[in-house]
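Keep in mind it's a predicted model, so treat the numbers as computed, not measured. Only heavy atoms go into these numbers, but all of them, side chains included; no hydrogens, no water, no symmetry mates. The chains referred to below are lettered A, B, ... by the order of the sequence lines, with proteins before strands, and numbering in each begins at 1.
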Number of protein chains: 2
Amino acid sequence: MNTTKQKIASDLDRQFAEQGFAEQGVEALRAGADVSLRTLYKHFPSREAMVVGALEHRDKAYFDWLAGGPENGIDHVLYPIIRLGDWLSEVANTGCLFLNALAEHPDSIAIREIVTDHKARLADEFRIRLRAIAPDRDVEQLAETLFLLHEGMTQTARLHGRDRATAAALRAAKAALAAEGIA
Amino acid sequence: MNTTKQKIASDLDRQFAEQGFAEQGVEALRAGADVSLRTLYKHFPSREAMVVGALEHRDKAYFDWLAGGPENGIDHVLYPIIRLGDWLSEVANTGCLFLNALAEHPDSIAIREIVTDHKARLADEFRIRLRAIAPDRDVEQLAETLFLLHEGMTQTARLHGRDRATAAALRAAKAALAAEGIA
DNA sequence: CCGATGGTAGAATGAACGCTCTACCTTGCC
DNA sequence: GGCAAGGTAGAGCGTTCATTCTACCATCGG
């Protein structure tokens, strides 16, 4: 079964989030996941694979976390931003795991790919939600704006605190929607 | 003189921006700065000091870059965001050097301090500019919003391209100002 | 001309790293 | 019972890293 693999991936995710990527060697990761080195390498045959595994785990966890929420109205569109506020209070607040990984491994194709995919999917999420409440509009620019607010909020939460960052992102999102006559 | 030191700091800044922090050892940094190992260590007695030196250099370079610009009106407030667009086209587009450094050295007090200071000064920049055009208003929330847009734009430029990120940030900034009756 | 300053090249060191390997143990199905 | 699957502990290998050190050179004010 890959139950063990998933458990390890979850531990890797948490460890990379809390301690960063560079400051932890494979031995520290092994200890944090509480498995043997052999088992760790069986599931993730290189350190890079461990990073990819952690990112894949978080990608899934993040979109699972987004399930549910209001089905109509402006809150349907704002929900990912609202939910991000909750997320930031539950996990270690060290910015975006994906962008942090990319910062440390700018040359890794596998990592670049998963980061790009995750962010594209997030941008799509806003597009889909906007189309749901404004089917007759071109929502492309608004989707980009909401995506930008989401990213900015993630980074700003590290520096100004989660609540202020959430409030600022929601304020700006509502203003952007209002300026386009949506809401 | 510290001319040599400044030259090295500038090279370190560029190298960290282009190649990331983790993937470069001291020997690579030395080669990129075209100095001897001895001289490098004379000015920056540890690798951490090299990171701090690069960040200090960029902090100064960034605020120098912000000098000038329109003195009145909404463009005075938007100028850091407009100028960020230019900046992103001139340097390697790998996100925020400060946040990347923090991602790789979450335990370094010296690095955390310079990152915090830089970001606080940037937030102040927006506060000061807002007060200049709206002296009778409480600009605190708007300053936070503009700061968030600035940060979000920096990250989004990596993924969606500089021009789209700049346009989205400016759109959102104008909407936020309009919503508060400023502009 | 001399000595201080600040540069060069690059070998040496000791620690830490990613990864592999040997040897053994536990569990559950036929 | 026995064997296959998948786990454990941890020593060892070769490499790379940050840092230090020896030995030498160029420039220039007094």
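Computed from coordinates, the B:Glu104 CD to D:dC17 P distance equals 14 Å when rounded to whole Å. Atom CD of A:Gln24 is separated from atom C1' of C:dG18 by 15 Å (rounded to the nearest Å). Atom pair B:Phe44:CZ and D:dT20:P shows a separation of 16 Å (rounding to whole Å applied). For A:Met50 and C:dG18, the CE to C1' distance is 8 Å, given to the nearest whole Å. For B:Leu40 and C:dT8, the CG to P distance is 10 Å, given to the nearest whole Å. Atoms CG (B:Asp34) and P (C:dG7) sit 13 Å apart, rounded to a whole Å. Between B:Glu27 atom CD and D:dA18 atom C1' the separation is 11 Å, expressed in whole Å. Here D:dC17 presents its C1' atom at 18 Å from CZ of B:Phe21, a figure rounded to the nearest Å.
Residue A:Phe98 is grouped with residue A:Phe63 when hydrophobic side chains (ILVMFWY) are merged at heavy-atom distances under 4.5 angstrom, including chains of intermediate members.
When side chains are defined from C-beta on, B:Ser36 counts as touching B:Thr39, because their heavy atoms get closer than 4.5 Å.
Contact annotation: A:Thr4 side-chain N/O to D:dG7 OP1/OP2 distance is under 4.0 Å. Using a 4.0 Å cut-off, some side-chain N or O of B:His43 falls inside it from OP1 or OP2 of C:dG7. Distances shorter than 4.0 Å separate some side-chain N or O of B:Thr39 from OP1 or OP2 on C:dT8.
The closest donor-acceptor contact from the side chain of A:Arg30 to the backbone of A:Leu40 lies at 3.5 Å or more, if one exists at all. Judged by distance alone, with hydrogens and angles left aside, the side-chain atoms of A:Glu104 form a donor-acceptor pair with the main-chain N or O of A:Ala22 at under 3.5 Å.
The aromatic rings of A:Phe126 and A:His150 sit perpendicular to each other, their planes meeting at more than 60°, with 30° as the lower class boundary.
Of the candidate nucleotides D:dA23, C:dA23, D:dT19, D:dA23 has the atom nearest to the side chain of B:Arg38. Relative to the side chain of B:Tyr41, the nucleotides C:dG7, C:dG18, D:dT20 differ in distance, and D:dT20 lies closest. Listed nucleotides D:dG7, D:dT19, C:dC19 differ in distance to A:Ser46; the shortest reach to its side chain belongs to C:dC19. The side chain of A:Leu37 has C:dC19 as its nearest neighbour among D:dG7, C:dC19, D:dT19.
Each of A:Glu23 and B:Arg30 was assigned the nucleotide of DNA chain C with the nearest heavy atom; the assignment lying further toward the 5' end belongs to B:Arg30.
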